[in-house]
2 protein chains.
Amino acid sequence: MRPYTQVLERLRSANLRPTRQRLALAKLLFDGGDRHITAEQLHGEAMTAGVRVSLATVYNTLHQFTDARLLREIVVDAGRSYFDTNTSEHHHFFYEDSGKLEDIPHDELHVSQVPSAPDGAVIKSVDVVIRVAAAQAAQ
Amino acid sequence: MRPYTQVLERLRSANLRPTRQRLALAKLLFDGGDRHITAEQLHGEAMTAGVRVSLATVYNTLHQFTDARLLREIVVDAGRSYFDTNTSEHHHFFYEDSGKLEDIPHDELHVSQVPSAPDGAVIKSVDVVIRVAAAQAAQ
DNA sequence: AACTACTTTAGAGTAATTCTAAATTAATCC
DNA sequence: GGATTAATTTAGAATTACTCTAAAGTAGTT
């Protein structure tokens, strides 16, 4: 269990204390490669791993990590937020049947001719979601 | 108030009876050009217009219309579904500040090199959302 | 060790949506 | 056109995901 230098630094620069709960959640989030996870799922994993942490703290932590750019929030499903440990620019497949998300590497999909934002507004992100489902009638 | 031939036909082909509530909601939805509206908003409009209809029926009707391809459901905001009266292929600007959606015509934005769906799955849609906010720190 | 500010937490509260079971209405059949 | 059957609507309860609150706990500082 080596010290998470990157996490620690990010926490410090965001003025977030490296508490037991934040470090345990960071370990669950960032030790498994690229992940897409909901708050309830992460809370479940913490419980399973024997980490005592409340659901409220999981929500707080996910939002703080998102603000600190350690996570990215993804909305693809009504009434549920996913958090993505991959913060680099990329897009997603969304499996409607299972509710799973999968990264599409940045170089495998290109959006061209992005219209400019209206006056006084700036583009915050360009999000592409390709929804897929078990083979049957498409669209 | 001419008879909504298209709506009536779609309802018929979806085995949905043209009830007072469905016809009134169809009128509110399809009489104003392209619209992006939530269930609560539509229910509010119905109330204002003096149409007696329950919120449950508004939800049922929106989903039935979506299944009948009269509407398209759009998820851009955690915990809120929008319904779009424009069912042709196009994408959206989402104004994070106001919660408003705006169409991007199909020919103004192009997604290239769409990766193919994994085996056994089909692509149901490719949705692009450009999130914009009042000018300040971008991304 | 003491102080102060930040954190965590249980549980209440909220918003959007879905469910349920009873009442209503539409379409069909004589 | 009234009776029958099946679809529809509805109020209100239930559910889900999430946020808030205020009290107790913990971290960093002196």
(message) From the set dA11(D), dT17(C), dA6(D), return the single nucleotide nearest to any side-chain atom of A56(B).
(response) dA11(D)
(message) Heavy-atom nearest nucleotide on DNA chain C for Y82(B) versus R52(B): which residue maps closer to 5'?
(response) Y82(B)
(request) Over 60° means perpendicular and under 30° means parallel, so classify the ring planes of H90(A) and H92(A), tilted if in between. (result) perpendicular
(message) Tell me the interatomic distance from D77(A), atom CG, to dT17(C), atom P, rounded to whole angstroms.
(response) 12 Å
(message) From CG of L62(A) over to P of dA17(D), roughly how many Å is that when rounded to an integer?
(response) 14 Å
(request) Starting from P on dA7(D), measure out to CG on D67(B) and report it in whole angstrom. (result) 16 Å
(message) Just the rounded figure in Å: distance from C1' of dT5(D) to CZ of R17(B).
(response) 9 Å
(request) Specify the separation, in whole Å, of atom CZ of R22(A) and atom P of dA27(D). (result) 11 Å
(message) With nearest nucleotide decided by heavy atoms, which residue, R20(A) or S81(B), maps closer to the 5′ end of DNA chain C?
(response) R20(A)
(request) Examine dT18(C): is either OP1 or OP2 under 4.0 Å from a nitrogen or oxygen in the side chain of Y59(B)? Give yes or no. (result) no
(message) Rounded to whole Å, please give me the gap between CG in L8(B) and P in dA27(C).
(response) 10 Å
(message) Measuring to OP1 and OP2 of dT7(C), would you say a side-chain N or O of T57(A) lies under 4.0 angstrom away?
(response) no
(request) Answer yes or no: does atom CZ of R20(A) have more than 12 heavy-atom neighbours from other residues, nucleotides or ligands under 6.0 Å? (result) yes
(message) Under 4.0 Å, heavy atoms only, any strand: does N60(A) hit a base, just the sugar-phosphate, or nothing?
(response) base
(request) Determine the contact category for L55(B): base if any of its heavy atoms lies under 4.0 Å from a base atom, sugar-phosphate if only primed atoms, P, OP1 or OP2 are that close, otherwise nothing. (result) base
(request) Mind checking H63(A) for me? I need base, sugar-phosphate or nothing, with any heavy atom below 4.0 Å counting as a touch. (result) sugar-phosphate
(request) For E73(A) and dC18(D), give me the distance from atom CD to atom P, rounded to whole Å. (result) 8 Å
(request) Scan T38(A) against the nucleic acid and name what it touches under 4.0 Å (heavy atoms): base, sugar-phosphate only, or nothing. (result) nothing
(request) Check each of T19(B), N60(B), T61(B) against L25(B) using the side chain to side chain contact (heavy atoms under 4.5 Å, CB included) test, and report the only one that passes. (result) T61(B)
(request) With the side chain of Q21(B) defined as its heavy atoms from C-beta on, choose the nearest nucleotide among dT9(D), dT19(D), dT26(D). (result) dT9(D)
(message) Need one value for R80(B): base, sugar-phosphate or nothing, where a base atom within 4.0 Å counts as base even if backbone is also close, heavy atoms only.
(response) sugar-phosphate
(request) Consider the side chain of A39(A), meaning its heavy atoms from C-beta on, and name the nucleotide among dT8(D), dT8(C), dC18(D) that approaches it most closely. (result) dC18(D)
(request) Test D84(A) against every option in R35(A), H36(A), R72(A) by the side-chain hydrogen bond (donor to acceptor under 3.5 Å, both in side chains) rule and name the one that passes. (result) H36(A)
(request) State, with a plain yes or no, whether a side-chain heavy atom of R22(B) is found less than 4.5 Å away from one of R17(B). (result) yes
(message) In this structure, how many angstroms lie between the C1' atom of dT9(C) and the NE2 atom of H43(A), rounded?
(response) 10 Å
